[in-house]
Undergrad: 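Structure incoming, see below.
Read the numbers this way: they start at 1 and go in the same order the structure lists the ligands and their atoms.
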Amino acid sequence: MQDEIEGVAVRCFDAIVVGAGLAGVCAVYRLRQAGVSVRALEAGGGVGGTWYHNRYPGARCDIESLDYSYSFSDELQQEWKWSERYAGQPEILRYINHVADRFDLRRDIQLNTWVVRARFDEAQERWMLFTDTGEVFSAKYAIMATGVLSVAQVPSMKGLEDYRGEWFHTGDWPEQGVDLAGKWVGVIGTGSSATQLIPIVAEQTEHLYVFQRTANYTMPAQNHPMKPEVEQEWKKHYPDRRKFAWASGFGHNQVTNHMSGKEMSAEARLAELENRWRLGGLYMMRAFKDILTDPEVNEIAAEFVREKIRATVQDRQTAEALCPRDLYIGTKRLCSGTNYYETFNRRNVTLVDVKNRAIERITADGILLEDGSEYEVDALIFATGFDAMTGAMNRINPVGRKGRALREAWAAGPQTYLGLCVAGFPNMFVITGPGSPSVFSNMVTSIEQHIEWTVACIEHMRAHGLSSIEPTVQAQEDWTRHVTEAAGKTLYAQSRNSWFHGANIPGKPVVFMPYVGGVGNYYQTITRVAQSGYEGFRFSSAPAVRNASHAGET
Ligand code: N01
């Protein structure tokens with residue numbers, strides 16, 4: 001093995017984990033338990049990933065706290081007390097920091113270190129990773145815990161460089177906070193981040209303009225302080241709760257109605273929808289078993305939400321503008337907020353339609369629309385989303401076998417086997433990558449399933465003297481086709497204008513990226529693959545073993 005590369009001493013570990021968000025922290029814990037030497041490299045100044053960077057006012061989880069937490073330690077899940085039904089960003093960040101301290105993980109986590117490139121050394125069968133700090137790391141395994149919504153997307157808008165005010169992106173919010181008191185502020189976007197931020201910012205600003213291109217459906221989160229009896233019940237039955245989540249469709253404990261919307265009477269349907277509205281947040285997505293497959297059933301739920309909007313927003317024109325049209329409910333990620341629609345009844349909030357009158361440019365003082373109207377603002381907030389699922393991986397652009405870079409391999413859209421591994425990129429594990437349930441699930445469940453699988457795979461390789469693993473091209477093609485076919489059975493296939501498809505990034509191939517076959521089914525599949533001796537993968541033997549008994553084998 002080379003001691004130096006490009007004049008820099010190489011630091012060697014069994015595994016390098018890229019990222020120290022929820023996935024990276026879990027990976028460090030599990031790998032260390034398995035006796036694998038590990039170093040996590042994290043670009044941010046602290047652990048937490050998404051929850052470190054998304055500090056915008058109102059940032060909050062839309063999966064219940066008791067579900068959105070690690071299951072790997074019973075002591076941890078029994079001890080930790082969540083203060084609210086849905087934890088806010090500061091509390092989740094405290095939790096991740098607590099986990100890092102409680103399990104003494106920090107000594108294996110290096111902060112303020114950006115992995116800028118990576119390449120697989122075929123001769124050594126090791127990954128070389130290069131950082132912005134000028135360091136070089138060598139590892140047998142590259143565990144890419146880079147996050148699926150970690151590359152903030154500021155749309156290229158003419159004139160932004162001339163803007164005299166301050167501007168921010170929700171996904172890269174300043175640690176010290178932003179003082180918006182008494183200011184005229186513009187928010188561009190009305191997705192999940194915006195719908196959480198708008199009600200809070202509206203209370204601080206002199207005036208708030210909300211620039212909306214596509215109205216989305218926002219459910220009331222129905223957040224409240226944690227009820228002691230709920231917490232006690234969960235903690236008493238935590239193993240069963242976790243088991244249920246891991247086998248469920250979406251990786252959590254939300255109850256699904258297994259009836260078709262068409263099998264129910266109009267009264268029963270309405271009662272179900274009212275109940276889902278009361279339960280809040282993402283519960284609406286489980287109102288009927290066919291809400292995401294039958295356009296008519298979907299429309300019943302969509303119209304129910306539109307009626308709620310009309311009943312809440314006093315100005316008729318604003319209410320109608322907030323009602324999503326030509327958009328199946330749930331096919332752009334459902335939003336979950338508190339007082340979102342109510343906020344448009346405030347005198348200091350104006351909804352500005354930028355669908356029919358697009359943003360022409362940013363001026364020195366604000367935003368100019370193509371019809372010539374200008375909105376002057378002291379500060380601009382981009383709640384404009386992320387280069388999702390592939391952005392962070394493509395930025396590192398790992399180079400695999402035969403010098404082939406990931407961007408080239410994924411030029412027509414991401415290809416993976418099981419959403420975990422990529423042909424031609426041996427020993428690289430993509431945590432919650434494209435082709436896995438990922439953003440279609442409780443992320444913590446999906447993260448734990450992937451880390452468990454990855455660590456078991458590494459243990460298998462060690463036990464059998466194997467040096468590298470990678471999927472066959474055939475297995476990868478079959479899996480990618482299966483992912484597309486699964487989406488094809490749903491309304492997602494007909495709603496391509498979302499970040500699920502990469503449609504929010506100019507030039508990105510429009511391909512549905514997550515796997516919608518269900519978390520439980522998916523977990524069974526990856527478990528079966530492992531138990532079958534890793535069907536669809538090929539291994540090479542460790543040099544010592546190869547020399548002794550498998551000469552010439554790869
Ligand atoms: O981003 P988004 P987000 N001109 O991509 C608009 C997770 N999350 O940060 O729809 C004008 O959803 C864009 O308009 P359009 C969650 O998975 C979770 O809000 O493209 N507008 C859209 O309205 C979520 O889905 C939580 O027409 C422009 C908005 O910007 C994901 O992160 C909280 C524009 C972007 O919405 C991303 O959410 C927050 C332009 N040029 C986030 N470009 C919870 O757990 C973009 N837009 C609750």
Undergrad: My understanding is that only residues two or more places apart in sequence, or in another chain, count here; which of them pass ring-ring contact (aromatic ring centres under 6.0 Å, His included) with Tyr523?
TA: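 In terms of ring-ring contact (aromatic ring centres under 6.0 Å, His included), with neighbours along the sequence ignored, Tyr523 is linked to Trp246.
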Undergrad: Any protein N/O atoms within less than 3.5 Å of an N/O atom in ligand 1? List the atom names and distances, or say none.
TA:
{"residue": "ligand 1", "atom": "9 (O)", "partner": "Ser193", "partner atom": "OG", "Å": "2.6"}
{"residue": "ligand 1", "atom": "10 (O)", "partner": "Thr214", "partner atom": "OG1", "Å": "3.4"}
{"residue": "ligand 1", "atom": "10 (O)", "partner": "Lys332", "partner atom": "NZ", "Å": "2.9"}
{"residue": "ligand 1", "atom": "19 (O)", "partner": "Ser192", "partner atom": "N", "Å": "2.9"}
{"residue": "ligand 1", "atom": "19 (O)", "partner": "Ser193", "partner atom": "N", "Å": "2.8"}
{"residue": "ligand 1", "atom": "19 (O)", "partner": "Ser193", "partner atom": "OG", "Å": "3.4"}
{"residue": "ligand 1", "atom": "20 (O)", "partner": "Arg213", "partner atom": "NH2", "Å": "2.9"}
{"residue": "ligand 1", "atom": "23 (O)", "partner": "Thr190", "partner atom": "N", "Å": "2.9"}
{"residue": "ligand 1", "atom": "25 (O)", "partner": "Trp499", "partner atom": "NE1", "Å": "3.0"}
{"residue": "ligand 1", "atom": "27 (O)", "partner": "Arg213", "partner atom": "NE", "Å": "2.8"}
{"residue": "ligand 1", "atom": "27 (O)", "partner": "Thr214", "partner atom": "OG1", "Å": "2.5"}
{"residue": "ligand 1", "atom": "30 (O)", "partner": "Ala383", "partner atom": "O", "Å": "3.3"}
{"residue": "ligand 1", "atom": "45 (O)", "partner": "Arg60", "partner atom": "O", "Å": "3.3"}
{"residue": "ligand 1", "atom": "45 (O)", "partner": "Asp62", "partner atom": "N", "Å": "3.3"}
{"residue": "ligand 1", "atom": "45 (O)", "partner": "Asp62", "partner atom": "OD1", "Å": "3.3"}

Undergrad: Side chain to side chain donor-acceptor pair (under 3.5 Å): which pairs involve residues 166-181, sequence neighbours left out?
TA: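 Counting only pairs at least two positions apart or across chains, the side chain to side chain donor-acceptor pair (under 3.5 Å) contacts touching residues 166-181 are Tyr52-Glu175.
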Undergrad: Does any pair with a residue in residues 307-319 pass side chain to side chain donor-acceptor pair (under 3.5 Å), and if so which ones, sequence neighbours excluded?
TA: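 Found Glu274-Lys308, Glu303-Arg310, Glu307-Arg310, Arg310-Glu320, Asp315-Thr318.
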Undergrad: Ignoring hydrogens and angles, tell me if any N or O in the side chain of Thr490 forms a donor-acceptor pair with the backbone of Ala487 under 3.5 Å.
TA: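 Flag set: sc Thr490 to bb Ala487 pair under 3.5 Å.
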Undergrad: Whether the side chain of Asn257 engages the backbone of Phe288 through a donor-acceptor N/O pair (distance < 3.5 Å, no angle test) should be reported.
TA: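 No; zero donor-acceptor contacts below 3.5 Å.
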Undergrad: Minimum heavy-atom separation for Leu322 to Tyr340, with atom names?
TA: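 Closest heavy-atom pair between Leu322 and Tyr340: CD2-OH, 4.1 Å.
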